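In this text, all values refer to a predicted model and were calculated from it rather than measured experimentally. In listed order, ligands and their atoms are each counted from 1. Throughout, numbering of the chain's residues begins at 1 and tracks the sequence.
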Amino acid sequence: MPALPPPTLIVRNIGELLTMGADRGVPAASGPLGIVRAAVVAARGAQIIFAGPAAEFEQLTCAPSDVPATIIDAGGGVVTPGLIDAHTHLVFAGDRAGEFQQRHAGASYAAIQAQGGGIAGTMRATRAAGYGDLVALARQRLRSMRAHGTTTVEAKTGYGLDRATEDRLLAVAAHFAWEPELPRVVPTFLGAHVVPPEDQADRAAYVARVRDDWLPAFAGRARFCDVFCEQNAFTLAETRSILQTARRLGYGLKLHAEQLSRTGGAALAAELGATSADHLDHASDADLDHLAAAGVVGVLLPGCAFTLNAPYPAARRLLAHGVRVALATDFNPGTCYCENLQMMVALAVAHMGMTLPEALLAVTRHAAAALALDDCGTVAPGLRCDLALWNIPRHDQIGYHFGVNLVAGVVIGGQPMIS
Ligand SMILES: [Zn+2]
């Protein structure tokens, strides 16, 4: 047996280790989830150096180290990769609880907007909030996500809708690189969320500002550029011109596509080689074929359907067309105020016809693909040691035992964060 470098972290007594694929070189991993029973994961620094059967780990000699490894006893429970939330609107101020109650009492979104609610309401609260307030709000939400097993979070701008505030939202997302005990934040620029009220009279000028001024100014600070391609947001032509510029500037591409109506956003995502197309409720069969052929990940957001009492996304259609499916919270103050990916797995299994393995891959391996990340989402040597440690004896409790937190703690970049 070869010698291992000295581990700094050993997670032992794992009843079920879900590596999320038998193809990643982990010994004894089997089935679609690459399950290893009676397993150990060891890390050195941020990186996994061993994952596999405990019996095999015990055969290895570890090089001597002056620093004793931190040992975590998983108590015979389940360990998975840290969960990945590939679509959130993390940074905003204010909430819209009143609007939620009004909507379920029968008020239309148009009526709520007429009272100053909706996205414009969040935009005003966000513009009025200082950098420190926004950091504090985002930190609180990231802690909640982490408590529920999430270790990587995509965070969109899009509640500033002016240059200074969009800049501030990107700075808030970037701040969390200095708080490595929190989930890793992947920033996305969504200046094209909606046209803000003050620009309604000249939307072309707003689109030109996003494309020709903000996109070059923010290049390198956001990993992705996203556009809300929809009837009341941005047309297909506007979306195309913004995303083509973004691609030229080095942004990865995402789209809010076919959410409320069919606009052609999904086909555009395929044509431009977007990393993901999100929502997709009204995508046609041909759209789904294009997405599958182009390798675009479909990100589905069942928390919105739950909140709005709307039909759930048609996951089985995507899967039948060969589209890789990720599940995300869409955490935002209007249509899904929920940090918990476990809940999305429960909704996907109970209401979208996804199998539990499909749903678990959708919040790990496929969610990593939706963020173009190749260092997380599975458990294997060489990858980041991002883990979720579950308080359950078998993974079939996930989704079935719902509405409570089944995660006991996480490991982020090799650092245990047990609550
Ligand atoms: Zn969204």
- Between R127 and E198, does at least one N-O distance fall below 4.0 Å, as a salt bridge requires? yes
- Item | Ion pair check, E238 and R240, cut-off under 4.0 Å | no
- Between F50 and F57, how do the two ring planes meet: parallel, tilted or perpendicular, split at 30° and 60°? tilted
- Task: Using a cut-off of 2.8 Å, find all protein N, O or S atoms closer to the Zn ion (ligand 1) than that distance.
- Result: H87 NE2, H89 NE2, H256 NE2, D330 OD1
- Taking the six-membered ring for Trp and the single ring otherwise, decide whether the centroids of H89 and F331 are under 6.0 Å apart. no
- So, for Y251 and F224, is the gap between ring centers shorter than 6.0 Å? no
Quick one: side chains of residues 290-303, donor-acceptor pairs under 3.5 Å with protein atoms, not counting sequence neighbours, listed by atom name and distance.
{"residue": "H290", "atom": "ND1", "partner": "A286", "partner atom": "O", "Å": "3.1"}

